[in-house]
Enquirer: 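Mind having a look at this structure? Questions to follow.
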Amino acid sequence: MIFKDQLNREVMLEGFPKRIISLVPSTTETLFDLGLENEVIGITKFCKYPKDKLKGCLKVGGTKTFHFDRVEKLQPDLIIANKEENRKEDIEALEKQFPVWVSDICNIVDSQEMIRSIGGITNRQERATKIITDIDSGFERITQKLQPKKVLYFIWRNPYMVAGKGTFIDSILTKIGFENIAPESRYPKLDQETIEQLNKKVDLILLSSEPFPFKEKYLAEFQEIFPGKEIRLVDGEMFCWPGSRLKYASKYLLETFFT
């Protein structure tokens, strides 16, 4: 069987995969939600959902640095990777021995297409359709309550960095009616002059729990930088994890911003 991944590359499989390695934490969760708990044999050290079902999976390393010997030991019939989270040279090395399907996700539509495609590859089309429908219905409830605001979504401190245009985070902000006023690049650094300019028009500052772990102790710092502005700590997973976690993200976003 021949399938195309999200880079439009052909991936050849002998049949529906029975030994799957996931190199992407959000994809690992999606695989389990598709009912593939018996097929997933390898994961990364950053994979954490579903917490109660990962003990039987061998950790092959991180998303950027993994152990090829552990992958070889598992002899997978499918490896699932991601263009942004995994390194191109590692993917190229792996596909010399194993089928590697690569996702490329910039927005919710891409994420749903990933779910649909993996559902087809693994013979879980019905479950994939159900997940996609749940995601759509969840975000539909949000669009009925939109409250447009100009926002900045901080992902790092020292230097200050925000999620910019073309990122998955930006697509979530847009989906719930917010306007991301970050400079025109994917993850721009903000100098003092830029912060002062943005401060004139921003309504809402969001401090993400990942990759930098913003906590309450940083609120005073940002209140000084952006006096009088609304500042919130948010769960980064709900903004930057594609896949089946979007089912939970819509509920979180609705409760956080629209109730």
Enquirer: Distance-only, no hydrogens or angles: does the Asp203 side chain make a donor-acceptor pair with backbone N or O of Lys150 under 3.5 Å?
Expert: yes
Enquirer: For the hydrophobic clusters of this structure (ILVMFWY residues joined by side-chain heavy atoms under 4.5 Å, transitively), does one cluster hold both Phe239 and Ile115?
Expert: yes
Enquirer: Please assess Lys59 against Phe46 for the test side-chain contact (heavy atoms from CB on, under 4.5 Å), listing each intermediate value before the final yes or no.
Expert: CA-CA 9 Å; Lys59 293 179 181 178; Phe46 300 117; over 6 Å; no
Enquirer: Hey, does the side chain of Asp77 reach the backbone of Arg19 with a donor-acceptor pair shorter than 3.5 angstrom?
Expert: yes
Enquirer: Can you check whether Phe154 and Phe212 have ring centres sitting under 6.0 Å from each other?
Expert: no
Enquirer: Should Leu246 and Ser111 be marked as a side-chain contact (heavy atoms from CB on, under 4.5 Å) after you check the CA-CA gap, both sets of side-chain angles, and the distance that decides it?
Expert: CA-CA 9 Å; Leu246 287 172; Ser111 180; 3.5 Å; yes
Enquirer: CD1/Ile21 to CG/Leu58 distance, rounded to the nearest 0.5 angstrom?
Expert: 8.0 Å
Enquirer: Mind running side-chain contact (heavy atoms from CB on, under 4.5 Å) on Ile20 and Leu31 for me, showing each step along the way?
Expert: CA-CA 9 Å; Ile20 301 172; Leu31 292 170; 4.0 Å; yes
Enquirer: Take Leu204 and Leu152 through the test side-chain contact (heavy atoms from CB on, under 4.5 Å) and record every step on the way to the result.
Expert: CA-CA 7 Å; Leu204 174 63; Leu152 288 171; over 6 Å; no
Enquirer: Please determine if Lys73 and Asp69 form a salt bridge, counting it only when a charged side-chain N lies under 4.0 Å from a carboxylate O.
Expert: no
Enquirer: Do Tyr187 and Phe178 share a hydrophobic cluster (ILVMFWY, side-chain heavy atoms under 4.5 Å, transitive)?
Expert: yes
Enquirer: Show the nearest heavy-atom pair for residues Leu253 and Ile176, with the distance to one decimal.
Expert: CD1-CG2, 4.0 Å
Enquirer: Do any N or O atoms from the side chain of Asp110 and from the backbone of Cys106 form a donor-acceptor pair under 3.5 angstrom?
Expert: yes
Enquirer: For Lys64, does the NZ atom sit with more than 12 other heavy atoms under 6.0 Å from it, leaving out its own atoms?
Expert: yes
Enquirer: Kindly work out whether a path of hydrophobic side-chain contacts (I/L/V/M/F/W/Y, heavy atoms less than 4.5 Å apart) joins Val162 to Leu219.
Expert: yes
Enquirer: Can a salt bridge be assigned to the pair Lys48 and Glu29 using a cut-off of 4.0 Å between side-chain N and carboxylate O?
Expert: no
Enquirer: Looking only at the side chains, is there a donor atom on one of Ser171 and Asn107 sitting less than 3.5 Å from an acceptor on the other?
Expert: no
Enquirer: Give a yes or no on whether the backbone of Val100 and the side-chain of Arg9 come within a donor-acceptor separation of less than 3.5 Å.
Expert: yes
Enquirer: Judged by modelled atom types alone, do Asp191 and Thr194 share a side-chain donor-acceptor pair under 3.5 Å?
Expert: yes
Enquirer: Please determine whether a side-chain nitrogen of the Lys or Arg among Glu84 and Arg186 lies less than 4.0 Å from a carboxylate oxygen of the Asp or Glu.
Expert: yes
Enquirer: So does Phe16 get a backbone contact from the side chain of Asn123, meaning a donor-acceptor N/O pair under 3.5 Å?
Expert: no
Enquirer: Please tell me whether Tyr153 and Met238 are part of a single hydrophobic cluster in this structure, the criterion being side-chain heavy atoms less than 4.5 Å apart.
Expert: yes
Enquirer: Would you find a donor on one side and an acceptor on the other, under 3.5 Å apart, between the side chain of Lys229 and the backbone of Val202?
Expert: yes
Enquirer: Can Gln125 and Thr129 be counted as having a side-chain donor-acceptor contact under 3.5 angstrom?
Expert: no
Enquirer: When you measure from the side chain of Lys165 to the backbone N and O of Asn180, does any donor-acceptor pair fall under 3.5 Å?
Expert: yes
Enquirer: Side chains of Asn82 and Gln6: is there a donor and an acceptor less than 3.5 Å apart?
Expert: no
Enquirer: Under 4.0 Å between a side-chain nitrogen and a carboxylate oxygen: does that hold for Arg124 and Glu126?
Expert: no
Enquirer: If only atom types and distance count, is the side chain of Ser250 paired as donor or acceptor with the main-chain N or O of Lys247 below 3.5 Å?
Expert: yes
Enquirer: Short question: side chain of Ser22, backbone of Val24 - any donor-acceptor pair under 3.5 Å?
Expert: yes
Enquirer: Should the ring pair Phe68 and Phe66 be called parallel, tilted or perpendicular, given that the plane angle runs from 0 to 90° and is split at 30 and 60?
Expert: tilted
Enquirer: Can you tell me if Thr44 uses its side chain to pair, donor with acceptor, with the backbone of Thr63 under 3.5 Å?
Expert: no
Enquirer: Within 45° of the axis and under 6.0 Å from the centre of the six-membered ring of Tyr49, does NZ or CZ of Arg245 qualify?
Expert: yes
